[in-house]
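Proteins come first, then strands; the chains are lettered A, B, ... in the order of their sequence lines, and each starts at number 1.
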Amino acid sequence: MSQTLKAVRGTRDLLPPETELWNRIEATARSVFARYHFGEIRTPIFEDTGLFARGVGAETDIVSKEMYTWEDRARAQSEKPQSLTLRPENTAGVVRAYIEHKLGESGQLQKLYYIGPQFRRERPQKGRYRQFFQIGAEVIGPQSSGSESPLRDAEVLEMLATLLDELGITGWTLQINSVGSSADRERYNAALREALIPVKEKMCADCQRRAELNPLRVLDCKVPEDQPIIETLPKIVDSLDQESKDHFAAVITALDAAGVPYTRNHRLVRGLDYYTRTTFEFTHGGLGAQNALLGGGRYDGLSENIGGPKAPGIGFAMGLDRLVLTLQAQEADQKSASPQGIDGYIAPMGNAKDAEKLAAINAAGLALARELRRAGLRIELGEGSFRLKKSFEAADKCARRIVILGEDELASGILTVKDFSTSVQTKVPRAELAEFLRN
RNA sequence: GCGGCUAUAGUUCAGCGGCAGAACGCCUGACUGUGGCUCAGGAUGUCGUGGGUUCGAUCCCCACUAGCCGCCCCA
């Protein structure tokens, strides 16, 4: 059906009951964030293209080939059209807002979280979409607010461990590394390039290319034959200055004290230019090639890069789509507890041939449903023209109990209620119905 | 952006160069106020889209689109 309009490639509709899981994850995240004193920020879905070019880095894959960018109409004839971009990530937008609203002037540490869609024009596959959803948070502020303290790094990591645990995600791994200051990284890049010259001939084709273009990425290589060679390459930790070393050591000490399990991975490098010092990923098996549930790190120079004051920070972004996939896989393993269903299904019984009586019984059904829903119950309302058998079938699929509302019940004010799990049928006075259904 | 696999009923999937199939789900009835179990009956559909080969294509070929897997990269 080529004429039929479909969701565009890499985007999708989320339907019930799946959306229930999405909401549960979001609610859990909000509740954890609140306990750590984070407030929600909502930034625009599109921004000036320059924000991402300068913030994320013009040479990154994200900026150089994955952004949805277009030219807005010029506001006046003399003006040049503005280049706008659908946000590929949210950290740059949050820092832009931090600068724009002078949040640093409060002198206080800012702890902000966001939940929302991001857009990257990549080839879609499992766990990777062109519109995808991230839950993220940033801790940012002037140096005097303690934003540069390794304690903040450790606290964010400890919070993430708590959040994943509360979500019920089992078997996650925290991998952590330090990429040092931007000067450290430049030094390391040069050292790595140097060290690769004599050995790259023996490595895989991808690595030979990476050795030229982006030596850091060689460390990510998964080809088994290359591993011994990679182990002989210089480690980034040897390029760190004393300050960065001390910072990383303090993060580790705090994680140990809090009992957060982690794996130090001196080969963990991340693709965004703004990361400095601490970088980390929480990974999970069963996500295929996209094994990262979330990633993040420190970005001490980002604010200045986009024209703001010095404002060190640390943050992360977690893939909501990937959390959902992971939890769905886990629930499938546990054969998923069957859903309880709503509290009641009201089955009005009318005569399909008598329009007046049918309308009356349906109206009575709505009045009863209103009463029960206002009492906080989850109620579905049937249709008076259905045969009772049909009402039962419909009710059995979605509700724990059926409430029969026939002419007898309407006249007497005593409803007939049947519980599907016990098959027990009970007569309940209308005044006691809400309480009865609540149990 | 590159490579591999796939596309048939609401869903999961068989199938074959010559009438379109199963299971589950759905609808109706047995049962005019009683579901789940059972029994009887019924409807599933432009066989992803467009083109080509052929007397004839759901099947073979090509292109496109989409999904999955891998690469790149990332959440």
**Prompt:** A:R128 near the nucleic acid: base, sugar-phosphate alone, or nothing, with a heavy-atom cut-off under 4.0 Å?
**Reply:** base
**Message:** Could you tell me how far B:G21 sits from B:A9 if I compare only their P atoms? Round to whole Å.
**Reply:** 14 Å
**Prompt:** Base, sugar-phosphate alone, or nothing: which one does A:G136 contact when heavy atoms must sit under 4.0 Å apart?
**Reply:** nothing
**Complete:** On RNA chain B, more 5' by nearest nucleotide between A:L405 and A:G10 is A:L405
**Fill in**
For RNA chain B, the dot-bracket notation using Watson-Crick and G-U wobble pairs below 3.5 Å, [ ] for pseudoknot-type crossings and | for other-strand pairs, is (((((((..((((....[..)))).(((((.......))))).....(((((..]....))))))))))))....
**Request:** Between B:G45 and B:C61, how far apart are the C1' atoms? Round to whole Å, please.
**Result:** 25 Å
**Request:** Assign A:L388 to base, sugar-phosphate, or nothing according to its heavy-atom contacts below 4.0 angstrom with the strands shown.
**Result:** base
**Request:** Can you figure out which of B:G4, B:A75, B:C72 approaches the side chain of A:R120 most closely?
**Result:** B:A75
**Prompt:** Is the phosphate of B:C31, meaning OP1 or OP2, less than 4.0 Å from a side-chain N or O of A:R387?
**Reply:** no
**Asked** Using atom C1' of each nucleotide, how far apart are B:A57 and B:G52 to the nearest Å?
**Response** 11 Å
**Residue A:Q125, side-chain heavy atoms: nucleotide from B:A75, B:C69, B:C26 that is nearest** = B:C69
**Message:** From the set B:C68, B:U34, B:C72, return the single nucleotide nearest to any side-chain atom of A:K126.
**Reply:** B:C68
**Prompt:** Out of B:G1, B:C73, B:A75, which nucleotide sits closest to the side chain of A:R121?
**Reply:** B:G1
**Message:** Using a 5.5 Å cut-off between ring centres and planes within 30 degrees, is A:F132 stacked on the base of B:A75?
**Reply:** yes
**Asked** How would you label the contact of A:Q131 with the nucleic acid (heavy atoms, under 4.0 Å): base, sugar-phosphate, or nothing?
**Response** nothing
**Message:** Categorize A:Q425 for me: base, sugar-phosphate, or nothing, with a 4.0 angstrom heavy-atom threshold over every strand shown.
**Reply:** base
**Message:** Measuring only the P atom in each nucleotide, how far is B:U46 from B:U12? A whole number of Å is fine.
**Reply:** 16 Å
**Request:** Please work out if A:T60 contacts a base, only the sugar-phosphate, or nothing of the nucleic acid, heavy-atom cut-off 4.0 Å.
**Result:** nothing
**Request:** Would you classify A:R9 as touching base, sugar-phosphate or nothing, given that sugar-phosphate means primed atoms plus P, OP1 and OP2, and contacts are heavy atoms under 4.0 Å?
**Result:** sugar-phosphate
**Message:** For the residue pair A:K418 / A:S423, report whether a side-chain donor-acceptor contact shorter than 3.5 Å exists.
**Reply:** no
**Request:** Using the P atoms only, state how far B:U6 lies from B:G42, rounded to an integer number of Å.
**Result:** 36 Å
**Item:** Protein-nucleotide distance (A:D13, atom CG; B:G67, atom P), rounded to Å
**Value:** 12 Å
**Item:** Interatomic distance, A:E393 CD vs B:U28 P [rounded to whole Å]
**Value:** 8 Å
**Message:** Once you apply a heavy-atom cut-off of 4.0 Å, does A:R217 come out as touching a base, just sugar-phosphate, or nothing?
**Reply:** sugar-phosphate
**Message:** Tell me the interatomic distance from A:F386, atom CZ, to B:U34, atom C1', rounded to whole angstroms.
**Reply:** 16 Å
**Request:** State whether the distance check finds a donor on one side and an acceptor on the other, under 3.5 Å, for side chain A:S391 versus base B:G35.
**Result:** no
**Asked** Using atom P of each nucleotide, how far apart are B:G25 and B:U65 to the nearest Å?
**Response** 38 Å
**Prompt:** NA contact type, A:I404, heavy-atom cut-off 4.0 Å: base, sugar-phosphate, or nothing?
**Reply:** base
**Prompt:** Is any side-chain nitrogen or oxygen of A:K390 closer than 4.0 Å to OP1 or OP2 of B:U28?
**Reply:** yes
**Request:** Would you indicate what A:R401 reaches in the nucleic acid, counting non-hydrogen atoms under 4.0 angstrom: base, sugar-phosphate, or nothing?
**Result:** nothing
**Request:** Hey, can you tell me if A:W70 and A:F46 have their rings parallel, tilted or perpendicular (30° and 60° cut-offs)?
**Result:** perpendicular
**Prompt:** A:Y113 vs A:F33 aromatic rings, parallel, tilted or perpendicular, using cut-offs 30° and 60°?
**Reply:** tilted
**Asked** Is B:C19 in the syn range, within 90° of 0, or in the anti range?
**Response** syn
**Prompt:** Under 30°, 30 to 60°, or over 60°: which ring-plane class applies to A:W22 and A:F133, parallel, tilted or perpendicular?
**Reply:** perpendicular
**Request:** Please report, rounded to the nearest Å, how far the C1' atom of B:U32 is from the CG atom of A:N351.
**Result:** 10 Å
**Request:** Compare the minimum distances between each of B:U34, B:G3, B:A66 and the side chain of A:K6, then state the nucleotide with the smallest one.
**Result:** B:A66
**Prompt:** How would you label the contact of A:G406 with the nucleic acid (heavy atoms, under 4.0 Å): base, sugar-phosphate, or nothing?
**Reply:** nothing
**Request:** Using a strict cut-off of less than 4.0 Å between a Lys/Arg side-chain nitrogen and an Asp/Glu carboxylate oxygen, indicate whether A:R438 and A:E435 qualify as a salt bridge.
**Result:** yes
**Asked** Within a radius of less than 6.0 Å around CZ of A:R30, do more than 12 heavy atoms belonging to other residues, nucleotides or ligands occur?
**Response** yes
**Prompt:** Taking atom P of B:U34 as reference, at what distance in whole Å does atom CD1 of A:I402 sit?
**Reply:** 11 Å
**Request:** Look at the aromatic rings of A:F420 and A:F392 and report parallel, tilted or perpendicular, splitting at 30° and 60°.
**Result:** perpendicular
**Prompt:** What integer number of Å spans the P atoms of B:C26 and B:C68?
**Reply:** 28 Å
**Prompt:** If the C1' atom of B:G18 is compared with that of B:C59, how far apart are they to the nearest Å?
**Reply:** 11 Å
**Complete:** In terms of heavy-atom contacts, A:V324 and A:E18 come closest through CG1-OE2, 3.8 Å
**Request:** Check A:G341 against A:R400 and note the closest heavy-atom contact, atom names and distance.
**Result:** O-CD, 3.9 Å
**Request:** Under 4.0 Å between any heavy atoms, over every strand shown, what does A:G296 touch: base, sugar-phosphate, or nothing? Just pick one.
**Result:** nothing
**Prompt:** So, A:T85 versus A:T69: side-chain donor-acceptor pair below 3.5 Å or not?
**Reply:** yes
**Request:** Taking only the side-chain nitrogens and oxygens of A:K397, find out if one of them lies under 4.0 Å from OP1 or OP2 of B:C26.
**Result:** yes
**Prompt:** In whole Å, what is the span from the NZ atom of A:K418 to the P atom of B:G35?
**Reply:** 7 Å
**Spacing of A:F280 atom CZ relative to B:A75 atom C1', expressed in whole Å** = 12 Å
**Asked** So which nucleotide from B:C72, B:G33, B:G36 ends up closest to the side chain of A:K65?
**Response** B:C72
**Asked** Just by modelled atom types, is the A:R120 backbone N or O under 3.5 Å from a matching donor or acceptor in the A:R130 side chain?
**Response** no
**Nearest to side-chain heavy atoms of A:D61, which nucleotide of B:G36, B:C72, B:C68** = B:C72
**Message:** At 4.0 Å (heavy atoms only), tell me whether A:T416 reaches a base, stays on the sugar-phosphate, or touches nothing.
**Reply:** base
**Prompt:** At under 4.0 Å between heavy atoms, what does A:F133 touch on the DNA or RNA strands: base, sugar-phosphate, or nothing?
**Reply:** nothing
**Request:** State, without any angle test, whether A:E383 and A:S385 hold a side-chain donor-acceptor pair at a distance under 3.5 Å.
**Result:** yes
**Request:** Counting heavy atoms from C-beta on, name the nucleotide in B:G36, B:A75, B:C71 closest to the side chain of A:A317.
**Result:** B:A75
